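Every chain is numbered from 1 and lettered A, B, ... according to where its sequence line falls, protein lines coming before strand lines. Computed from a predicted model, the values in this text were never measured in an experiment.
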Amino acid sequence: MNIKQELSLYNTLTRKKEKFEPLSPPFVGLYVCGPTVYSDVHLGNCRTFISFDLIYRYLLHLGYKVRYVRNITDAGHLEGDRDEGDDKFAKKARLEQVEPMEIVQRYTLGFHEVMRAFNTLPPSIEPTATGHICEQIEMTKKIIENGYAYEVNGSVYFDVEKYTREHNYGELTNRKLEDLLENTRELGGQDEKKGRLDFALWIKAKPEHLMRWPSPWGWGFPGWHIECSAMSTKYLGETFDLHGGGMDLQATHHTNEIAQSRACSHQAPAKYWLHTNMLTVNGVRMSKSAGNGFLPEELFTGNHPLLEKGYAPMSVRFFMMQTHYRSTLDFSNEALQAAEKGFAKLMNAVKTMTQLKTSSSSTSNIQALTDQCYAAMNDDFNSPVLVAHLFEAVRIINSVNDGKESITTEDLKLLQQTVNTFVFEVMGLKSEQENQGTGNKALDTVMSLILAQRDEAKKRKDFAVSDQIRDLLLAGGISIKDTKEGTVWQLN
RNA sequence: GGUCUCGUGGCCGAGCGGUUAGGCAGAGGUCUGCAAAACCUUGUACAGCGGUUCAAAUCCGCUCGAGACCUCCA
């Protein structure tokens, strides 16, 4: 059997789950819209990239040769829907009295730091918009040549009306053009656009614009959507396998990407479109503008009014794995603390698994468990179901450890392989507590001395002393547990 | 207003026509000097009202409620 052939995923384009069939296996092209680096990424942004990290990791695990492209948007992005809006980078740069590229550098580094904390794999290519101005200009030229764009006063706009004569502009959101037209806001008075739905491919730079490049239409900068079309085409081709991003990008950004690519190359850019759902706080979407977001740093330290305490990156990652990527995930301290405990339980079992005793027979069907794990991931990357199966593995591990169940050497090997594969390789989790035993030799020495003293006290049934040692250690941030194999300790 | 999604036990969250989801919290028990951990047992939930069906949380309709997109945002 070939588990690879069992993978199915939900395609936004067709609104149903489809069997995954790469255009030219074993190669897979994956493009994900990355962050706009004019401010810190918040937890909601992270969720999308962590979701795609899971997808990327699973595709790799299945043996695909994946080229994962995730861009950095470091140019343009007009504020609001008016052409006279500010460039976000220029605006922020003015506010902070620095060069726009200083803004870009600072938040790009910050983004990478956060991604590393969450243990995401770096993409194969991480292209920047400013590094691909030529490609964007060339693409814009081609779209004009093909008759789908027009120039007005040094700016270039995409002609949606022309496009809709041959294509279905609203295919990704299943919307009718009439509805779109009806519900689009009235634009400002002296607008350069011919049609209400038209959007900019190239924008003429005003004197105050700091980031600007020469083009056939004069000095300016690219429109927001063209960068992704240009970069995905450059690195993955005119048609590639998977295109992903947050659901909020579906209606505008991705709709326009499809239109641009079709108008340029007459090809649909991606075979499958994947959209991740939003992170919410008290039921409302976390977003920069709503002001209900918090930064990963605040989450880790607990330094935020919404947070009762700090949460380790891996607990947060596990928290996200417990929800399907297409469902909204509501943040709460209660839910996060539940995830934290569940994660600790999982990691403890993983540790226990390395020292299990084997028997001549198994009381559990490990192969069936393994199959269920694959079935879960093959069903549109259903990590919550995967987690449920892994907790069945946890139960088995603990039961065997307690001598209540048994496992053969072969089954144990399979169990270890399965658990390690899905916990570390696929879900990208890692053990949070590296402080036990390792590293601090002095502390280890002191602890073994103290625990030996306590053991002595216990032997002569001087429980007042042994309990006092335990309480004092706990007050000092060290918790100990008496097990059959002796006393173990860890820093809290 | 238009398009669409969702409403599951104390909390988080799967399932989407018939089989135990799972985690956290709670209750009882085993183990233990005590504690912790671990294990076992336990709750019979699907917004409401109709309909289809032998059978519905799962399909259809209506009502109520929440949210998203349509405007920068992953």
Side-chain angles (χ1 to χ4, degrees), chain A residues 15 32-36 38-39 41-52 77-82 85-86 88 170 173-176 178-185 197 224 244-253 255 275-280 283-290 293 318-319 322-324 326-346 348-349 352 376 379 382-392 394-395 397-405 458 461-463 466-467 470-471 474 479-484 487-488:
Chain A
R15 314 193 133 239
V32 174
C33 294
T36 305
Y38 65 93
S39 64
V41 287
H42 63 246
L43 194 64
N45 300 309
C46 294
R47 186 193 179 196
T48 293
F49 303 125
I50 291 171
S51 293
F52 281 107
H77 251 223
L78 291 177
E79 294 254 329
D81 59 351
R82 304 288 154 89
D86 277 324
K88 282 181 172 171
T173 44
N174 204 221
R175 269 176 236 204
K176 292 192 178 74
E178 306 85 76
D179 295 335
L180 285 171
L181 279 170
E182 207 172 297
N183 295 304
T184 301
R185 279 191 185 176
L197 296 172
W224 175 36
M247 269 184 188
D248 51 342
L249 299 182
Q250 187 181 331
T252 307
H253 184 57
T255 290
H275 288 98
T276 58
N277 217 135
M278 302 291 104
L279 182 74
T280 60
V284 182
R285 174 186 165 189
M286 180 182 284
S287 71
K288 283 169 188 171
S289 49
F318 179 73
F319 170 62
Q322 281 187 301
T323 306
H324 186 87
R326 281 192 291 112
S327 298
T328 53
L329 171 58
D330 196 57
F331 165 86
S332 71
N333 282 284
E334 216 179 349
L336 221 30
Q337 279 162 30
E340 192 173 50
K341 286 183 185 168
F343 177 60
K345 184 176 173 178
L346 177 66
N348 275 333
T352 306
D379 182 16
N382 198 330
S383 57
V385 169
L386 170 65
V387 169
H389 293 313
L390 289 173
F391 273 105
E392 171 63 12
V394 168
R395 214 212 84 242
I397 290 164
N398 289 329
S399 297
V400 171
N401 191 47
D402 269 17
K404 298 204 168 118
E405 292 198 25
K458 278 174 70 180
K461 303 225 186 273
D462 190 351
F463 299 122
S466 71
D467 288 356
R470 181 170 62 199
D471 294 344
L474 188 64
S479 60
I480 61 175
K481 286 189 279 189
D482 294 328
T483 71
K484 279 175 231 160
T487 305
V488 297

query: Looking only at atom P, what distance separates A36(B) and A27(B), rounded to whole Å?
result: 12 Å
field: Side chains of Val385(A) and His389(A) in contact at under 4.5 Å (non-hydrogen atoms)
entry: yes
message: From the set A74(B), G33(B), A68(B), return the single nucleotide nearest to any side-chain atom of Val284(A).
response: A68(B)
- prompt: For Ile397(A) and A38(B), what is the distance between atoms CD1 and C1' respectively, to the nearest whole Å?
  reply: 13 Å
- prompt: Can you find a heavy atom in the side chain of Met247(A) that is under 4.5 Å from one in the side chain of Thr48(A)?
  reply: no
message: Do Met286(A) and Met278(A) have side chains that approach each other closer than 4.5 Å (heavy atoms only, starting at C-beta)?
response: no
- prompt: Counting any heavy atom closer than 4.0 Å, what does His42(A) reach on the DNA or RNA strands: base, sugar-phosphate only, or nothing?
  reply: base
task: When you get a sec, tell me which of G33(B), G23(B), C39(B) is the closest nucleotide to the side chain of Ala338(A)?
output: G23(B)
query: Is there a side-chain contact between Val394(A) and Lys345(A) (heavy atoms, below 4.5 Å)?
result: yes
Between P of G22(B) and CD of Glu392(A), the distance in whole Å: 9 Å
- request: Would you please test Asn333(A) and Gln337(A) for side-chain contact (heavy atoms from CB on, under 4.5 Å) and show each step?
  value: CA-CA 6 Å; Asn333(A) 282 284; Gln337(A) 279 162 30; 4.0 Å; yes
query: Looking for any heavy atom pair under 4.0 Å, which part of the strands does Asn277(A) touch: base, sugar-phosphate only, or nothing?
result: base
message: Does Met247(A) reach a base, just sugar-phosphate, or nothing at all? Heavy atoms under 4.0 Å.
response: nothing
query: When rounded to the nearest 0.5 angstrom, what distance separates OG1 in Thr487(A) from NZ in Lys481(A)?
result: 11.5 Å
message: Nearest whole Å is fine: how far is U71(B) C1' from His253(A) NE2?
response: 16 Å
- prompt: How would you label the contact of Ala335(A) with the nucleic acid (heavy atoms, under 4.0 Å): base, sugar-phosphate, or nothing?
  reply: sugar-phosphate
query: For C70(B), does OP1 or OP2 lie under 4.0 Å from any side-chain N or O of Thr173(A)?
result: no
message: Looking at A37(B), I'd like to know if its phosphate oxygens (OP1 or OP2) sit under 4.0 Å from a side-chain N or O belonging to Lys345(A).
response: no
query: Ignoring hydrogens and angles, does a donor from either the side chain of Asp330(A) or the base of G13(B) sit under 3.5 Å from an acceptor on the other?
result: no
- prompt: Which one, C40(B), A74(B), A38(B), comes nearest to the side chain of Leu279(A)?
  reply: A74(B)
- line: To the nearest angstrom, the CG-P distance between Asn398(A) and U41(B) comes to 14 Å
- prompt: Between Thr328(A) and Thr280(A), is any side-chain donor less than 3.5 angstrom from a side-chain acceptor?
  reply: no
query: So does Arg395(A) get a side-chain nitrogen or oxygen closer than 4.0 Å to the phosphate oxygens (OP1/OP2) of C40(B)?
result: yes
task: Assign Leu329(A) to base, sugar-phosphate, or nothing according to its heavy-atom contacts below 4.0 angstrom with the strands shown.
output: sugar-phosphate
field: Spacing between Phe391(A) atom CZ and C12(B) atom C1', to the nearest angstrom
entry: 13 Å
Whichever of Asp248(A) and Phe463(A) has its nearest RNA chain B nucleotide further upstream toward 5': Phe463(A)
- request: State, with a plain yes or no, whether a side-chain heavy atom of Pro35(A) is found less than 4.5 Å away from one of Val41(A).
  value: yes
Distance, rounded to the nearest Å, where Phe331(A) contributes CZ and G13(B) contributes C1': 16 Å
query: So what does Val32(A) touch, heavy atoms closer than 4.0 Å: a base, only the sugar-phosphate, or nothing?
result: nothing
- prompt: What is the distance, rounded to the nearest whole Å, between atom CG of Asn401(A) and atom P of A37(B)?
  reply: 15 Å
field: P atoms of C59(B) and A68(B), separation to the nearest Å
entry: 24 Å
field: Sugar-phosphate, base or nothing in reach of Gly245(A), heavy atoms under 4.0 Å
entry: sugar-phosphate
Residue met sooner reading RNA chain B from 5', once Ala251(A) and Asp467(A) are mapped to nucleotides: Asp467(A)
message: Under 4.0 Å, counting only non-hydrogen atoms across every strand here, what does Ser51(A) touch: a base, just sugar-phosphate, or nothing?
response: nothing
message: Heavy atoms only, 4.0 Å cut-off, all strands: where does Lys461(A) land among base, sugar-phosphate and nothing?
response: nothing
query: Side-chain donor or acceptor of Arg470(A) under 3.5 Å from a matching atom on the base of A35(B)?
result: yes
- line: Where RNA chain B forms runs of at least three Watson-Crick or G-U pairs (i with j, i+1 with j-1, under 3.5 Å), the stems are B:1-7 with B:64-70, B:10-12 with B:22-24, B:26-30 with B:38-42, B:47-51 with B:59-63
field: From CG (Leu390(A)) to OG (Ser383(A)), nearest 0.5 Å
entry: 10.5 Å
query: Is Thr252(A) near enough to C70(B) that one of its side-chain N or O atoms lies under 4.0 angstrom from OP1 or OP2?
result: yes
message: With a cut-off of less than 4.0 Å, is there a side-chain N or O of Lys341(A) near OP1 or OP2 of A25(B)?
response: yes
field: Any Gln322(A) side-chain heavy atom under 4.5 Å of Phe318(A) side chain
entry: yes
- prompt: Checking all strands, does Ser287(A) fall into the base, sugar-phosphate, or nothing category for heavy-atom contacts under 4.0 angstrom?
  reply: base
query: Which of these nucleotides, C34(B), A14(B), A74(B), is closest to any side-chain atom of Asp482(A)?
result: C34(B)
query: Which part of the nucleic acid, if any, lies within contact of Gly170(A), taking any heavy atom under 4.0 Å across all strands shown: a base, the sugar-phosphate backbone alone, or nothing?
result: nothing
- prompt: What is the distance from CZ of Phe343(A) to P of G22(B), rounded to the nearest Å?
  reply: 21 Å
